[in-house]
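Counting starts at 1 for both ligands and their atoms, in listed order. What's counted below: heavy atoms across the whole structure, side chains too, no hydrogens, waters or symmetry copies.
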Amino acid sequence: MRPITVIGNWKMNGSKAACRQWIDTVCAEMEKGMPAGRRFALCPPYPYLSDCSQQISACSSASLALGAQDVSAEMGGAFTGEVSAAMLHEFDCKYVLVGHSERRDRFNESDRLIAEKALQALDQGLTPVICVGETADERNSGRAVEVVRAQVARQIAILQDRLVDSLLAYEPVWAIGTGKVASAQIAQDMHREIRLQLAEFNADVASHIGILYGGSVKFDNAVELFGMPDIDGGLIGGASLDPQEFLAICRA
Ligand code: PGA
């Protein structure tokens, strides 16, 4: 059985005070007990990682982990503005998002760069959450599967067996921040497609890897999405900013 993983992605939102309040609320609830076989993480902006790390380590529930929203593809050196996987490891990050569609689109990140970032994360014992997904135009022109398969193929080609220590996140771009969630069946169909593609490469990787869904997940739709056989949790943007909504999704 693959665990359900729920990861909050705050993007460039929040503040030091908001992080503190959020973790206070979420930890207090998690200390009362959470469903077994589930893992939860928060990915705040970089400057808040240190504070969040201290606060999470003081929480007596081990349910909540820390993650980052991006990582450098380089190990270290003269790369102004970059943050290495080793630095994230120092702050107890367990997860790091790579290849979010906002970074693919706004910062021109290629599949190769994304795979290199994932390798850096894996080298430091972090779990990369590799995001893939098609745009509205690509879906409307019937190319959704082809586009996602091409993105996954590049990750398989570069990461090979190391993919088993990663998570994938299927995030249709048209569903991110739009309130237009993919129906549970549309999401399941793509997750199935990805798992079949992985099985062509390595059956073990295909059966073990967690594939999360992201794009307008809220408590209202999480139950149905997480109930699908190939959906192993969610990457939650907007709805993760509200601690009560995040907790409700974690319990969904
Ligand atoms: P959303 O974002 O939940 O706000 O749609 C998801 C994401 O970008 O990971």
Got a salt bridge between [X] and [Y], using NZ or NE/NH1/NH2 to carboxylate O under 4.0 Å?
X: E102; Y: K11; result: yes
X: D232; Y: R38; result: no
X: E82; Y: K117; result: no
X: E109; Y: R104; result: no
X: R149; Y: E200; result: yes

Identify, by atom number and element, the atoms of ligand 1 in contact range of [X], meaning under 4.0 Å from any of its heavy atoms.
X: N9; answer: 9 (O)
X: K11; answer: 2 (O), 7 (C), 8 (O)
X: H100; answer: 7 (C), 8 (O), 9 (O)
X: I176; answer: 2 (O), 5 (O), 8 (O)

Which heavy atom in Q155 sits nearest to a heavy atom in D111, and how many Å separate them?
NE2-O, 3.1 Å
Say whether [X] and ligand 1 are in contact under the criterion: heavy-atom distance to a ligand atom below 4.0 Å.
X: G177; answer: yes
X: A175; answer: yes
X: S216; answer: yes

E224, CD: over 12 other non-hydrogen atoms inside 6.0 angstrom:
no
Nearest to [atom], what protein heavy atom do you find, and at what distance?
atom: atom 3 (O) of ligand 1; answer: G237 N, 2.9 Å
atom: atom 9 (O) of ligand 1; answer: E171 OE2, 2.6 Å
atom: atom 4 (O) of ligand 1; answer: G238 N, 2.8 Å

